[in-house]
Amino acid sequence: MKRKVLSMVLCSALALAGLAGCSNAKEPETAAADKSKAAEDVTQVKTAGDEELTEIVWQWPSMGSTGAGFQAVEDALNAMMEPDIGVHVILEPVNFSNLANETVLAVSSGEQLDLCLSVGTGVGNLVSSGLIEPLDDIIDEHGASIVEKCGSAMSGGYYGGELYGMPNAYIQGESYGYLVRKDLLEKYNIAIDEEKFYTLDELAEIFETVKKGEGDNFFCLIPEPISEEPLSRNAFEYDKLGATSASGFLMLNNDFTNMKIDNVYETKEYEEYAARMYDWAQKGYISRDAATNTEDRDVLVSGGNYLGYFGWSTPGSIWNTKAKTGYEMTTLKIIDGYTAGDRFQNILWSVPITSANPEKAVEALNYIYEHNEAAWLLQWGIEGQDYEIVEQTDEGTKIKYLAADPTALPYYQPYGVYGDRLAWPVMDPSPVDMNKAIKEFSDNIPDSRKSPALGYCFNTQNVSTEYSAVTAVIQQYIPSVNCGTIEPSANLEEFRTALKAAGIEKVIEENQRQLDEWAAAR
């Protein structure tokens, strides 16, 4: 489908207006016109027997290309959906790294698009630009399996009391820890307790022992330079409230009933984190080029010069690491499982205003939650073409790709966005019961470790200028903090002063006002 040059200009303006956070706005006149145009263009394009089929255009996130087996997968999906629900799906490849812009471009051009995907941004930018439909009047009748499988995760798709996004079904929270090479623990006679929760001071003792033995060109952690998640979320518990650190965090590390939003960069927890990173860098635990090194963490570990890295300790987090790193890994647990509201705003399917038939769009999405084989098809491709089953028991199914490099397969989908992820097969060498273990972990996260703001999403519209300015300051300063490259006693104060000058206090005040109103209306 060809796109108009004029729409590219509109796309850029709309995308810049709302890429971060969740915002409300009235439907723009151009968007409303496109919606009317799409409604006029609705056509029944195919027939199955005596019944007409509704054509649904569905985004398919890609790495930039599709394989030779892509059409076979689309055909197999339609062989299921056409007789069952009267839908003919057209999968539209969209570069994953440019999802937001591609969606705005397509819809502002008036193109038919029935299901679009948001990853990591929530639906705020699409809502504020008037580009997606509210789904409250559709979801119960046409999305019953989505609601049933997703449960409380549906809260992530709400904005202003209305539903705009539908998540995939997965775990309700995460735990966090340090993934470490077992061979080096054994080499230095370091005994660990897999049930214990370790402090960062206890990890530092392990770092000291291994670093002393391995020498100068060996490192103990791999920072994420531009991440706003301190220590890959291992420093303390918090909720981003559907936005970023530019609008403050709910600090949950002391109290999961806390409803006061804090500037995380002014907290003692962040000050301690900054001091720790500097200390670890001075001791040689962090590589001097960490701020500029863009290599994947598993690739770095595979080179033999790293002990491990901070990440998830959720069941399953290490089961594929040997294939990626070449080493047996284990996890030192640091933070127990908890649920933050931003967890449910990570992967969301929405219905654009240029949908030919919103009801059928939701019904098509619902189909892959109701029929696991359809979700498997979209995620893994065709058995015998792309993968083979290596084990099947009452506890699950294990598969393996039919190529050492899965990107060379006829069909390869690297992004986990389809249906009920806990009903998928697992990829070898993961244990066949991996999904069962993950579900048990998720089901056992107590209410006492769930954010009190589940379902809330900050609208940045009233402070968009300040929000953008604060974001720019954060990105300027956090690489030096995350990588410990500058002594924090002076650098942190300079960082805080710059945040105040950019308007962070005004942004947090607005966020707090909205959160209080949201809580009062519940």
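In this chain, numbering begins with 1 at the start of the sequence shown.
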- Message: So does Tyr270 get a backbone contact from the side chain of Thr267, meaning a donor-acceptor N/O pair under 3.5 Å?
- Response: yes
- Message: Taking ring pair (Phe, Tyr, Trp, His ring centres under 6.0 Å) as the cut-off, I'd like each qualifying pair that reaches into residues 90-135, sequence neighbours left out, listed once.
- Response: Phe96-Tyr415
- Message: Applying side-chain hydrogen bond (donor to acceptor under 3.5 Å, both in side chains) to Asp255 and Thr257, what does each step give before you reach the verdict?
- Response: CA-CA 5 Å; Asp255 185 358; Thr257 65; 2.6 Å; yes
- Test side-chain hydrogen bond (donor to acceptor under 3.5 Å, both in side chains) applied to Tyr273 and Asn234, step by step: CA-CA 10 Å; Tyr273 161 71; Asn234 277 272; over 6 Å; no
- Do any N or O atoms from the side chain of Tyr178 and from the backbone of Gly308 form a donor-acceptor pair under 3.5 angstrom? yes
- Query: Would the Tyr176 and Phe310 ring centres measure less than 6.0 Å apart?
  - Reply: no
- Assign the ring pair His371 / Tyr367 to parallel, tilted or perpendicular, where the plane angle (0 to 90°) is split at 30° and 60°. parallel
- Message: Between Glu509 and Lys506, does any side-chain N to carboxylate O distance fall below 4.0 Å?
- Response: no
- Message: More than 12 heavy atoms of other residues, nucleotides or ligands under 6.0 Å from CG of Asp84: yes or no?
- Response: yes
- Query: Does Glu228 come within less than 4.0 Å of Arg233, counting only side-chain N to carboxylate O?
  - Reply: no
- Query: Given the rule in the side-chain contact (heavy atoms from CB on, under 4.5 Å) test, do Asn263 and Glu505 qualify, once you have shown the distances and angles that lead to the verdict?
  - Reply: CA-CA 8 Å; Asn263 174 359; Glu505 292 175 339; 6.0 Å; no
- Task: Indicate yes or no: does Arg513 engage Glu517 in a salt bridge with an N to O separation below 4.0 Å.
- Result: yes
- Task: For the residue pair Phe495 and Tyr477, categorise the inter-ring angle as parallel (less than 30°), tilted (30 to 60°) or perpendicular (more than 60°).
- Result: parallel
- Got a donor-acceptor contact below 3.5 angstrom from the Thr331 side chain to the Lys333 backbone? no
- Message: One pair to check against side-chain contact (heavy atoms from CB on, under 4.5 Å): Thr314 and Ile171. What are the steps and the verdict?
- Response: CA-CA 10 Å; Thr314 307; Ile171 52 178; 3.7 Å; yes
- Query: Does Gln413 offer a backbone N or O that forms a donor-acceptor pair with the side chain of Trp380 under 3.5 Å?
  - Reply: no
- Task: Taking Asn366 for its side chain and Ile146 for its backbone only, find out whether a donor-acceptor pair lies under 3.5 Å.
- Result: yes
- Any donor-acceptor pair under 3.5 Å from Asp262 side chain to Val264 backbone: no
- Mutual orientation of the aromatic rings belonging to Tyr238 and Phe249 [parallel < 30°, tilted 30-60°, perpendicular > 60°]: parallel
- Between Arg421 and Tyr170, is NZ or CZ placed under 6.0 angstrom from the six-membered ring centre and within 45° of the ring axis? yes
- Task: Take Tyr158 and Tyr164 through the test ring-ring contact (aromatic ring centres under 6.0 Å, His included) and record every step on the way to the result.
- Result: CA-CA 6 Å; Tyr158 278 87; Tyr164 286 93; 8.9 Å; no
- Going by an N to O cut-off under 4.0 Å, is there a salt bridge joining Asp447 and Lys450? yes
- Message: Please check: side-chain N/O of Gln512 versus main-chain N/O of Ile261, any donor-acceptor pairing under 3.5 Å?
- Response: yes
- Any donor-acceptor pair under 3.5 Å linking the side chain of Asn258 with the backbone of Leu252? no
- Message: Taking the basic N atoms (NZ, or NE/NH1/NH2) and the acidic carboxylate oxygens, is any pair closer than 4.0 Å for Lys360 and Glu55?
- Response: no
- Is a side-chain donor or acceptor of Gln345 paired with a backbone partner of Cys457 at a separation under 3.5 angstrom? no
- Any chance you could lay out the side-chain hydrogen bond (donor to acceptor under 3.5 Å, both in side chains) test for Ser355 and Gln112, step after step, and finish with the verdict? CA-CA 6 Å; Ser355 171; Gln112 179 182 337; over 6 Å; no
- Backbone N/O of Val426 and side chain of Ser430: donor-acceptor pair under 3.5 Å: no
- Item | Presence of salt bridge, Arg496 and Glu271, under 4.0 angstrom | yes
- Query: side-chain hydrogen bond (donor to acceptor under 3.5 Å, both in side chains) between Glu237 and Asn253: does it pass, once the steps are laid out?
  - Reply: CA-CA 5 Å; Glu237 299 100 324; Asn253 51 304; 5.5 Å; no
